[in-house]
Amino acid sequence: MTPLAVLAIGGSDSSGGSGLQADVKVFAAMRLYGATVATSVTAQNTRGVQDVFELPGNVVSAQLSAVLEDLPIKAVKVGMLATAEAAAAVTAKARAGVLPNLVVDPVLEAAAGRRRGVVSALERLLPFAAVATPNRDEASALVGWQVSTPADMAGAAAQIASNGPKYVVVTGGDMVAGDEAVDAVWTDAGARFLRYPRVQTRNNRGTGCTFSAAITSRLAQGDDVLEALVAAKEYVTRSLVGARDWDLGNGSGPLNHFDWPTFAAFSA
Ligand SMILES: Nc1ncnc2c1ncn2[C@@H]1O[C@H](COP(=O)(O)OP(=O)(O)O)[C@@H](O)[C@H]1O
Ligand SMILES: Cc1ncc(COP(=O)(O)O)c(N)n1
């Protein structure tokens with residue numbers, strides 16, 4: 001049977017733990033066909049990002065056109081945009097209505113050098129998103145104030161949603177206090193929280209990429225947004241558990257995306 005096709009737009013991670021490589025692993029784990037559009041090539045490993053090499057905007061546009069003119073893409077995930085030009089190329093396609101089920105994970109850390117331009121370019125893309133998934137730092141950059149507590153996260157999610165995306169999840173993976181990993185979700189019916197057990201592990205590279213790629217996968221498979229969010233939260237938690245004992249690299253190691261043969265096997 002022909003698989004459903006999905007697209008990830010973002011940066012290459014040389015160590016394979018986050019970025020486009022993580023996205024493709026999630027898509028494969030979900031039994032989807034994954035295409036990729038690279039905005040940048042990063043030199044990074046489990047210890048961090050050493051360098052970012054940005055691709056020109058016309059190279060991003062050409063990849064987008066090549067994929068979208070040919071493949072029947074059912075859902076699209078945007079990760080690291082790297083430059084305002086790359087963001088503009090993606091926004092042009094969104095405006096043309098050819099990016100269905102658009103999930104935007106505003107990756108800002110690795111693009112620090114170009115942050116200001118990228119933030120305002122991202123703001124122009126967000127109105128086209130079905131879901132946006134900033135972490136607390138990214139949410140802080142988007143709202144212009146420091147997002148710290150769960151109440152702040154809910155407030156920031158609401159503020160970001162006022163710029164268009166129907167659903168906004170502010171993720172709290174970096175909140176070390178407590179035994180829960182809490183994310184705040186803004187829905188059209190108000191705020192709610194996703195609370196799952198916190199996994200004690202140093203192997204937490206690519207959690208944000210994994211979460212947003214899993215949401216994208218589930219939207220492609222026909223879930224409504226809230227179902228997709230819950231399924232993705234469960235998937236990232238299990239991927240963290242599955243890699244707890246892995247010893248890959250000296251820093252924050254990658255997740256285990258494949259412990260779960262099909263999603264149905266662990267959502268039952
Ligand atoms: N140690 C952990 N245990 C359980 N869930 C986690 C852990 N770290 C991150 N998560 C979850 O992973 C998802 C991605 O969040 P986060 O890590 O904040 O993203 P980012 O990588 O963009 O900073 C969220 O659902 C978050 O709660
Ligand atoms: C190319 C690339 N894309 C994204 C991230 C952030 O990943 P995450 O948000 O999962 O920590 C990264 N470090 N590198």
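Because only heavy atoms are used, hydrogens play no part in the values below, and waters and symmetry mates are left out as well, while side chains stay in. Note that the structure is a prediction, hence the values are computed from the model and not measured. In listed order, ligands and their atoms are each counted from 1.
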J.: Looking at side-chain heavy atoms only, is the closest gap between L108 and V119 below 4.5 Å?
T.: yes
J.: Among all protein heavy atoms in this structure, tell me which lies nearest to atom 17 (O) of ligand 1, with the distance rounded to 0.1 Å.
T.: T207 OG1, 2.7 Å
J.: Does the pair D179/R195 count as a salt bridge with the N-to-O cut at 4.0 Å?
T.: no
J.: Which distance, rounded to the nearest 0.5 Å, do you find between the NE2 of H257 and the CG of D23?
T.: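 Reported to 0.5 Å precision, the distance equals 8.5 Å.
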J.: So which heavy atom on G57 is nearest to which on E85, and how close?
T.: CA-CB, 4.1 Å
J.: Pull out every atom of ligand 1 sitting under 4.0 Å from any heavy atom of V236, numbered as shown with elements.
T.: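 So the answer, numbered in order with elements, is 12 (O).
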J.: Enumerate the atoms of ligand 2 whose separation from the nearest heavy atom of G11 is less than 4.0 angstrom.
T.: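 Listed by number with element, the hits are 1 (C).
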J.: Give the atom numbers and elements of ligand 1 that come within less than 4.0 Å of a heavy atom of R198.
T.: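 The list of qualifying atoms is 1 (N), 2 (C), 3 (N), 4 (C).
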J.: For residues N101 and T216, determine if any side-chain heavy atom of one lies less than 4.5 Å from a side-chain heavy atom of the other.
T.: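 No, side chains not in contact.
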J.: Between V76 and K93, is any pair of side-chain heavy atoms under 4.5 Å apart?
T.: no
J.: Check each heavy atom of C209 against ligand 2 and say whether those closer than 4.0 Å belong to the side chain, the backbone, both or neither.
T.: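 The answer is both.
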J.: Any side-chain heavy-atom pair from L7 and L71 closer than 4.5 angstrom?
T.: no
J.: Is Y33 atom OH crowded by more than 12 heavy atoms from other residues, nucleotides or ligands, each under 6.0 Å away?
T.: no
J.: Which residue supplies the protein heavy atom nearest to atom 21 (O) of ligand 1, what is that atom called, and how far is it?
T.: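 Answer, as residue, atom name and distance: G208 N, 2.9 Å.
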J.: Just jot down the ligand 1 atoms closer than 4.0 angstrom to any heavy atom of P197, in number order.
T.: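 Going through ligand 1 atom by atom, the ones under 4.0 Å from P197 are 4 (C).
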J.: So is T237 close enough to ligand 1, meaning a heavy atom under 4.0 angstrom away?
T.: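 No heavy atom of T237 comes that close to ligand 1.
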J.: So if I apply the side-chain contact (heavy atoms from CB on, under 4.5 Å) rule between L240 and each of N256, T210, N204, which one comes out positive?
T.: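 For L240, the side-chain contact (heavy atoms from CB on, under 4.5 Å) check succeeds only for N204.
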J.: Taking atom CG of N135 and atom OG of S140, what is their separation to the nearest 0.5 Å?
T.: 8.5 Å
J.: Suppose we measure from atom 23 (O) of ligand 1 to each protein heavy atom; which comes out shortest, and what is that distance?
T.: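 Residue, atom and distance for the closest contact: N135 ND2, 2.8 Å.
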J.: Tell me: protein heavy atom nearest atom 9 (C) of ligand 1, and distance?
T.: G173 CA, 3.4 Å
J.: Which bit of T210 is near ligand 2, meaning a heavy atom under 4.0 Å away: side chain, backbone, both or neither?
T.: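 Within the 4.0 Å criterion, T210 makes no contact with ligand 2.
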J.: Group every Ile, Leu, Val, Met, Phe, Trp and Tyr by side-chain heavy-atom contacts under 4.5 Å, then state whether V182 and V199 land in the same group.
T.: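 The answer is no; the residues belong to distinct hydrophobic clusters.
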J.: Which residue holds the protein heavy atom closest to atom 5 (N) of ligand 1, what is that atom called, and what is the gap in Å?
T.: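 Protein heavy atom with the smallest distance to atom 5 (N) of ligand 1: A181 CB, 3.3 Å.
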J.: For atom 25 (O) of ligand 1, what is the closest protein heavy atom, and at what distance to 0.1 Å?
T.: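 Checked against all protein heavy atoms, atom 25 (O) of ligand 1 sits closest to D183 OD2, 2.6 Å.
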J.: Do the side-chain N and O atoms of S12 and Q21 include a donor-acceptor pair separated by under 3.5 angstrom?
T.: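 Yes, a side-chain donor-acceptor pair sits under 3.5 Å.
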J.: Checking a contact table here: which protein heavy atom is nearest atom 6 (C) of ligand 1, and how many Å away?
T.: L240 CD1, 3.4 Å
J.: Among all protein heavy atoms, pick out the one at the shortest distance from atom 1 (N) of ligand 1; state its residue, atom name and that distance to 0.1 Å.
T.: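 It is V199 O, 2.9 Å.
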J.: Out of all atoms in ligand 2, which are within 4.0 Å of some heavy atom of G206? Include the element for each.
T.: 10 (O)
J.: If we only count heavy atoms from C-beta on, is the L99 to F128 side-chain gap below 4.5 Å?
T.: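 Counting from C-beta outward, L99 and F128 never come under 4.5 Å.
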J.: Is there a polar contact between ligand 1 and D105, counting only N or O atoms under 3.5 Å apart?
T.: no
J.: Taking a cutoff of less than 4.0 Å between a non-hydrogen atom of the residue and any ligand atom, is N204 in contact with ligand 1?
T.: no
J.: Would you say S12 and ligand 2 have an N/O pair spaced under 3.5 Å apart?
T.: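 It does not: no N or O of S12 is found under 3.5 Å from an N or O of ligand 2.
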J.: Heavy atoms only, cut-off 4.0 Å: how does K233 contact ligand 1, side chain, backbone, both, or neither?
T.: side chain
J.: Measure the distances from the heavy atoms of S212 to every atom of ligand 1 and state whether one is below 4.0 angstrom.
T.: no
